[in-house]
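All remarks here apply to the structure that follows.
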Amino acid sequence: MSSLPRGQPTNGEILRALWPTAETVMPADVELPANVDLPASAVRQAIRRKLLTWYDRNKRDLPWRRRVGDGYATWVSEIMLQQTQVETVIPYFERFMTRFPTVRALARATDDQLLAHWQGLGYYRRAANLHKAARMVAGNGGSLPDTVDGLLKLPGVGRYTAGAIASIAFDRRAAVVDGNVMRVFARLFEIDDDIADARTQKRFWVLAEELLPRGRCGDFNQAIMDLGATVCTPTGPQCPACPLRNHCVAYENGDPARLPVRKRARVVPEIGHVVAMIRRGDSFLMTKRPPGGLWSGLWEFPNTVVENSESPETALERVLKQLKIPKPKSIEPIGRVTHRLTHRLMHFDLFEISANSKQVGVVAKWTRPGKVGISTACKRMLTKLRMVNS
DNA sequence: AACTCGGGGTG
DNA sequence: CACCCAGAGTT
């Protein structure tokens with residue numbers, strides 16, 4: 001418990017339920033949870049002012065922030081930023097905007113062209129949805145919807161992204177709740193309920209709507225997210241540098257880093273694969289992943305899951321049979337690549353196969369991996385092959 | 001409400 | 001290693 005000198009009361013002292021005032025607009029589907037505490041009007045005002053002042057002095061210089069009012073750029077950046085950190089996104093965003101400078105350019109692109117620019121970024125369904133949405137927008141005159149409701153109709157745009165685009169690009173009065181906002185609010189108001197719970201999420205949205213200023217909503221939203229990314233970080237928050245420390249209940253109570261609270265992740269299944277790497281010059285025999293699932297639309301080396309009941313050899317025979325290469329000239333084990341995803345641990349046992357090109361059927365295509373989109377796992381398989389061959 | 005869907009950064 | 005990240009869509 002800190003005894004911090006301060007000129008203003010904290011939320012802990014002032015908290016009381018204030019229900020919708022004339023200055024706020026509540027979404028129709030939000031009902032007030034019985035236990036939600038809203039800060040008093042004066043505290044809300046102080047939080048807005050301090051956050052915006054802090055943002056004016058400390059905001060990060062990000063490529064998409066240099067395109068003020070550009071809905072397309074904001075849209076692309078927000079899709080890329082879903083579950084992906086800013087530093088990872090920056091180079092992808094630059095390349096993407098150079099290659100697809102307008103909605104129409106994106107709408108004209110092929111799946112493979114698009115995925116070649118998305119490869120390595122993950123969550124490839126985002127690219128498919130963005131592509132589909134770009135065609136919707138292009139077919140509708142080429143201008144992006146500028147309201148939350150309009151944006152929500154686009155595939156891949158949910159409540160967060162619609163609020164972000166509407167407020168940042170179009171200066172609409174819309175709130176956002178993302179991982180940063182939840183962390184900042186959980187600490188600011190000392191909310192220790194599971195943040196995955198629907199009621200808790202509803203509570204975050206209520207707070208976000210309530211705290212929204214009349215103007216500069218886009219800056220306000222970005223301010224909370226910048227604060228969460230640079231000061232109110234998951235571990236080791238820099239509370240002395242925080243403009244909201246005098247209002248932060250968790251700081252007052254001494255342990256903001258324990259928040260937010262989330263349920264423990266479950267154990268991930270472990271899955272084995274065998275992979276056939278068949279090279280001819282710079283090209284490899286590759287197959288395209290089916291739409292919808294993991295690595296959707298990316299290219300990969302022919303492979304199969306090794307079932308529990310079978311040996312790797314049997315599984316590899318299955319792959320070669322599908323490729324119409326039942327008896328290759330040679331099969332050379334190269335080694336193993338292990339790839340961890342959020343919900344899966346994958347092993348790939350690699351085999352370099354030599355075969356006459358006449359043996360090759362039409363199941364797979366000769367492709368240069370640099371030309372089409374491949375997963376990071378496949379990229380690591382290539383690295384492994386080069387290591388073995390050098 | 002629980003799953004799926006990537007990959008990288010962090011302590 | 002475990003946890004987290006400018007979440008959305010499906011079941």
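The structure displayed is predicted, hence computed values, not measured ones. In what follows, chains carry the letters A, B, and so on, assigned in the order in which the sequence lines appear, proteins first and then strands, with residues in each chain numbered from 1.
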Could you tell me the separation between the CG atom of A/Leu345 and the P atom of B/dG6, rounded to a whole number of Å? 16 Å
For nucleotides C/dA8 and B/dG8, find the distance between their P atoms and express it as a whole number of Å. 22 Å
Check whether A/Arg187 reaches the backbone of A/Leu259 with its side chain - one donor and one acceptor, N or O, closer than 3.5 Å. yes
Which residues in residues 58-76 of chain A have a heavy atom closer than 4.0 Å to any atom of DNA chain C? A/Arg60, A/Leu62, A/Trp64, A/Arg65
What nucleic acid atoms does A/Val176 come within less than 4.0 Å of, heavy atoms only: base, sugar-phosphate, or nothing? nothing
So, does A/His339 get its side chain near the phosphate of B/dG7, meaning an N or O under 4.0 Å from OP1 or OP2? yes
Is the side chain of A/Arg48 donor-acceptor paired with the backbone N or O of A/Leu211 at a distance under 3.5 Å, no angle test? yes
Tell me yes or no: between the side chains of A/Trp299 and A/Asp112, is some donor less than 3.5 Å from an acceptor? yes
Does B/dG7 have OP1 or OP2 sitting under 4.0 Å from an N or O in the side chain of A/Lys379? no
Of all nucleotides in DNA chain C that come within under 4.0 Å of a heavy atom of chain A, which is furthest toward the 5' end and which toward the 3' end? C/dC1 to C/dG9
Please confirm whether any donor atom in the side chain of A/Thr88 sits under 3.5 Å from an acceptor in the base of B/dG8, or the reverse. no
Within this structure, what is the CZ-to-P distance between A/Arg344 and B/dG6, rounded to whole angstrom? 9 Å
Taking A/Lys379's backbone N and O only, do any of them form a donor-acceptor pair with A/Thr383's side chain (distance below 3.5 Å, no angle check)? yes
Closest-nucleotide 5' rank along DNA chain B - winner of A/Ala377 and A/Arg125: A/Arg125
Work out how far the P atom of B/dT4 is from that of C/dA6, and round it to whole angstrom. 24 Å
Common cluster, A/Leu154/A/Val76, ILVMFWY with side-chain heavy-atom separation under 4.5 Å: yes
Does A/Thr161 reach a base, just sugar-phosphate, or nothing at all? Heavy atoms under 4.0 Å. sugar-phosphate
Residue A/Arg126, side-chain atoms from C-beta onward, closest of B/dT4, B/dG8, B/dG6: B/dG6
When you measure from the side-chain N and O atoms of A/His343 to the phosphate of B/dC5, is any distance below 4.0 Å, counting only OP1 and OP2? yes
Is atom CD of A/Glu310 surrounded by more than 12 heavy atoms (other residues, nucleotides or ligands) closer than 6.0 Å? yes
Can a side-chain donor-acceptor contact be found between A/Thr161 and A/Gln82 if the only test is distance below 3.5 angstrom? yes
Atom-pair distance (OH on A/Tyr124; C1' on B/dG7), nearest Å: 7 Å
How do A/Gly156 and A/Glu78 order along DNA chain C: which one's closest nucleotide is nearer the 5' end? A/Glu78
Quick check: any donor-acceptor pair below 3.5 Å linking the side-chain of A/Thr84 to the base of B/dG7? no
CZ of A/Arg340 versus P of B/dC5: gap in Å, rounded? 17 Å
Could you tell me if A/Asn129 and A/Arg126 have a donor-acceptor pair between their side chains, going purely by distance under 3.5 Å? no
For a quick check of understanding: with a heavy-atom distance under 4.0 Å over all strands, which category does A/Thr342 fall into, base, sugar-phosphate or nothing? base
Rounded to the nearest Å, what distance is computed from the OH atom of residue A/Tyr123 to the C1' atom of nucleotide B/dC5? 5 Å
Have a look at A/Ala198 and say if it touches a base, only the backbone sugar-phosphate, or nothing, with a 4.0 Å heavy-atom cut-off. sugar-phosphate
Nearest nucleotide by nearest heavy atom, which residue falls closer to the 5' end of DNA chain B, A/Thr235 or A/Gly293? A/Gly293
Answer yes or no: side-chain N or O of A/Ser375 and base N or O of B/dG6 forming a donor-acceptor pair under 3.5 Å. no
Check: A/Leu188 main-chain N/O paired with A/Glu190 side-chain donor or acceptor under 3.5 Å: no
Reckon A/Ile79 touches a base, only the sugar-phosphate, or nothing at all at heavy-atom distances under 4.0 Å? nothing
Six-ring centre of A/Tyr92, A/Arg95 cation under 6.0 angstrom, axis tolerance 45°: yes
Please report the distance, rounded to the nearest Å, between CG in A/Leu294 and C1' in B/dC3. 14 Å
Mind checking if A/Asp194 touches a base, just sugar-phosphate, or nothing, with heavy atoms under 4.0 Å? nothing
Can you tell me how far C1' of B/dT10 sits from CZ of A/Arg183, to the nearest Å? 12 Å
What does A/Gly228 touch in the nucleic acid at a heavy-atom separation under 4.0 angstrom: a base, only the sugar-phosphate, or nothing? nothing
Parallel, tilted or perpendicular: rings of A/Trp295 and A/Phe348 (30°, 60°): tilted
Quick check against the 3.5 Å criterion: does A/Asp149 have a side-chain atom that pairs as donor or acceptor with the backbone of A/Thr147? no
Given atom CZ of A/Arg262 and atom P of B/dA1, what is their separation to the nearest angstrom? 17 Å
Please determine whether a side-chain nitrogen or oxygen atom of A/Trp295 lies at a distance below 4.0 Å from atom OP1 or OP2 of B/dG7. yes
Using the C1' atom as the point on both nucleotides, what is the distance between B/dG6 and C/dC3, in whole Å? 15 Å
